[in-house]
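Reading through the structure tokens given below for one structure.
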There are 2 protein chains.
Amino acid sequence: MTYSIGEFATIVGVNKSALRYYEMEGLITPLRNENNLRVFTDSDIGWVQFLLHLKASGMSMTELKNYTEWRAMGDKTIPERLDLLEQRKRLVELEIQALQQNLDILNRKIVFYKDQFEGNKYEFVLYPKDKEEIAKS
Amino acid sequence: MTYSIGEFATIVGVNKSALRYYEMEGLITPLRNENNLRVFTDSDIGWVQFLLHLKASGMSMTELKNYTEWRAMGDKTIPERLDLLEQRKRLVELEIQALQQNLDILNRKIVFYKDQFEGNKYEFVLYPKDKEEIAKS
DNA sequence: ACTTGCATTAAAGTTAACTTGAAGGCCTAT
DNA sequence: ATAGGCCTTCAAGTTAACTTTAATGCAAGT
């Protein structure tokens, strides 16, 4: 099965212009048909999806380019690719930790504000300003 | 205790120019001394550090500005601040989840490459290309 | 033949959040 | 009094990763 750039863009969820940009940067190398239109294949889907995961894990365009070049050079560059992946793994682990700490701080502030709100409500219930209201109730 | 912009920048770990930018955006309102120099106080430290946590949790300048304005308006805006914090909390939780999934994918690829590397080593040991080597050994 | 809808390239524009640069002022030590 | 080191404002520059625009072309349907 093959796909036009528009079809492929829909499948992988990436803007057509972004795909052209990725080609320009060497991340993908779609074939061309007799009219010079890009032709994408099923195996491109897997590759782009993997690239998107690397990207979502924080890799820069430069790193993605390196990885792609190494991949094109064959198995002898597996150590380089492993290094890059392991480095990224460590960075993602650190980022997750940092986010969790920030989440803690958000939670503490949320609890603080809620306590304050509950405190207000409670005070309102126990000590309404107009004491006549209590007498009437 | 009070601090010049340079001292304060060192304390909170933020570029002086960024602090000026934050003031321009209304996130901080340092006093000025008789020579028009900014004067920061200890309470500014806590506030900026909190802002930095919000920022590190992914809040945009616009959101930080909203939060800051609400804070300046007093307790009646606590619900708005709570909404913003809880929304951010949900987003951070989602981002942590996404990062963990990407970490899984990194790990799978790392294992895959390592297996391949081990596989090569193993094959080399078991089936050296030159069978004469075995005879000699 | 003409419109519609897809594609092409190359170049310029966008965005956020700063950062840098230029031109200058005030204070202190030599 | 001059040099160094801090500060000031305002404007312009930076960066990555696209996105948009302009000018064009091919091909299928009416």
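Chain letters run A, B, ... following the sequence lines, proteins first, then strands; residues in each count from 1.
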Side chains of residues 90-99 of chain A: which donor-acceptor partners sit under 3.5 Å, not counting sequence neighbours?
none

Identify each donor-acceptor pair in which a side-chain atom of residues 41-56 of chain A lies under 3.5 Å from a protein atom, sequence neighbours left out, and give them as a table.
residue	atom	partner	partner atom	Å
A:Thr41	OG1	A:Ser43	N	3.4
A:Thr41	OG1	A:Ser43	OG	3.3
A:Thr41	OG1	A:Asp44	OD2	3.4
A:Asp42	OD1	A:Tyr3	OH	2.5
A:Asp44	OD2	A:Thr41	N	2.8
A:Trp47	NE1	A:Leu27	O	2.8
A:His53	ND1	B:Asn102	OD1	2.8

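For the pair A:Asp75 and B:Gln116, the minimum side-chain heavy-atom distance is below 4.5 Å. In this structure, the side chains of A:Glu86 and B:Lys114 come closer than 4.5 Å at one or more pairs of heavy atoms. Using a 4.5 Å heavy-atom threshold, the side chains of A:Tyr113 and A:Lys109 count as touching. The closest side-chain heavy-atom distance from B:Thr77 to B:Glu69 is not below 4.5 Å.
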Between the protein and nucleotides 26-29 of chain C, list every N/O to N/O distance that falls short of 3.5 Å.
residue	atom	partner	partner atom	Å
C:dC27	OP1	B:Asn35	OD1	3.4
C:dC27	OP1	B:Asn35	ND2	3.1

Under-3.5 Å N/O pairs linking protein and nucleotides 20-24 of chain C:
none

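Cluster membership check: B:Leu19 does not share its hydrophobic cluster with B:Val39, using side-chain heavy-atom separations under 4.5 Å among Ile, Leu, Val, Met, Phe, Trp and Tyr.
Qualifying side-chain hydrogen bond (donor to acceptor under 3.5 Å, both in side chains) partners for B:Lys89, counting only residues two or more places apart in sequence or in other chains: A:Asn107. By the side-chain hydrogen bond (donor to acceptor under 3.5 Å, both in side chains) test, A:Arg20 is found to be paired with no residue, residues two or more places apart in sequence or in another chain being considered. By the side chain to side chain contact (heavy atoms under 4.5 Å, CB included) test, B:Met24 is found to be paired with B:Tyr21, residues two or more places apart in sequence or in another chain being considered. A search for side-chain hydrogen bond (donor to acceptor under 3.5 Å, both in side chains) contacts involving A:Tyr22 returns nothing, not counting sequence neighbours. Qualifying side-chain hydrogen bond (donor to acceptor under 3.5 Å, both in side chains) partners for B:Gln87, counting only residues two or more places apart in sequence or in other chains: none.
For DNA chain C, the neighbouring residues in residues 21-31 of chain B, judged by any heavy atom under 4.0 Å, are B:Tyr21, B:Tyr22. Annotation: proximity of residues 53-60 of chain A to DNA chain D (heavy atom, distance under 4.0 Å) is found for A:Lys55, A:Ser60, numbered in ascending order.
Chain B approaches DNA chain D within less than 4.0 angstrom (heavy atoms of the protein), and the contacting nucleotides run 5' to 3' from D:dC7 to D:dT9.
Under the 4.0 Å criterion applied to side-chain N and carboxylate O atoms, B:Lys16 and B:Glu23 are not assigned as salt-bridge partners.
In terms of heavy-atom proximity, A:Ile28 sits nearest to A:Pro30 at C-CD, 3.5 Å.
If you take CZ of A:Arg32 and P of C:dT8, they are 6 Å apart, rounded to a whole angstrom.
A parallel orientation is assigned to the rings of B:Phe40 and B:Phe8, their planes being inclined by less than 30° (bins at 30° and 60°).
Taking side-chain N and O atoms only, A:Arg38 has a distance below 4.0 Å to OP1 or OP2 of C:dT8.
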